[in-house]
Amino acid sequence: MAAMKPRTGDGPMEVAQEGRSLIMRVPIDGGGRLVLEINDEEAQALKECLIDAVGE
C-alpha cells in the first residue's frame with residue numbers, strides 16, 4: 001500500500017507556467033486553494049479586469 005500524504009492545500013497565491021497553460025492557485029476561505037488552468041488570452045483578460053477593479 002502506498003504511503004498517504006496529508007493534503008495541505010493551503011498556501012500563498014501563485015501562478016506557474018506548465019506547458020502552454022498557466023496554473024493559478026488562489027487560497028480560499030475555509031482552507032484549501034482554488035486551482036485554475038488558464039491560457040495566455042484568459043490571463044490577459046483577467047489582468048485587465050483586475051486593473052479596472054483596483055483602479056490602476
Side-chain angles (χ1 to χ4, degrees):
M1 178 177 239
M4 297 289 287
K5 295 181 183 176
R7 297 184 79 184
T8 56
D10 295 337
M13 184 181 307
E14 61 185 9
V15 178
Q17 182 82 35
E18 292 186 14
R20 293 181 172 218
S21 298
L22 296 167
I23 306 299
M24 184 168 79
R25 294 173 179 92
V26 181
I28 56 174
D29 289 340
R33 294 194 285 180
L34 173 67
V35 179
L36 301 171
E37 180 177 356
I38 58 177
N39 61 34
D40 291 338
E41 292 174 4
E42 294 166 330
Q44 187 63 36
L46 176 60
K47 176 184 171 183
E48 292 171 10
C49 289
L50 290 171
I51 289 172
D52 289 343
V54 176
E56 287 190 23

Would you give the length of the straight line joining atom [atom1] of [X] to atom [atom2] of [Y], rounded to the nearest 0.5 angstrom?
X: L34; Y: L36; atom1: CG; atom2: CG; result: 4.0 Å
X: Q44; Y: C49; atom1: CD; atom2: SG; result: 10.5 Å
X: M24; Y: L46; atom1: CE; atom2: CG; result: 5.0 Å

Notebook entry, point to check: What are the two closest non-hydrogen atoms of G11 and P27, and how far apart are they?
Noted result: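 Shortest heavy-atom contact: O-CG, 3.1 Å.
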Next item on the list: State yes or no: do V35 and I38 share one hydrophobic cluster built from I, L, V, M, F, W and Y residues joined by side-chain heavy-atom distances below 4.5 Å, directly or via other members?
Entry: no
Check: Between E42 (side chain) and N39 (backbone), is there a donor-acceptor pair under 3.5 Å?
Finding: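 Yes, because the side chain of E42 sits within donor-acceptor range (under 3.5 Å) of the backbone of N39.
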Just list the side-chain donor-acceptor pairs under 3.5 Å for residues 13-23, sequence neighbours left out, or say none.
from: E14; atom 1: OE2; to: R33; atom 2: NH1; distance (Å): 3.3
from: Q17; atom 1: NE2; to: G19; atom 2: O; distance (Å): 2.9
from: S21; atom 1: OG; to: E37; atom 2: OE2; distance (Å): 2.9

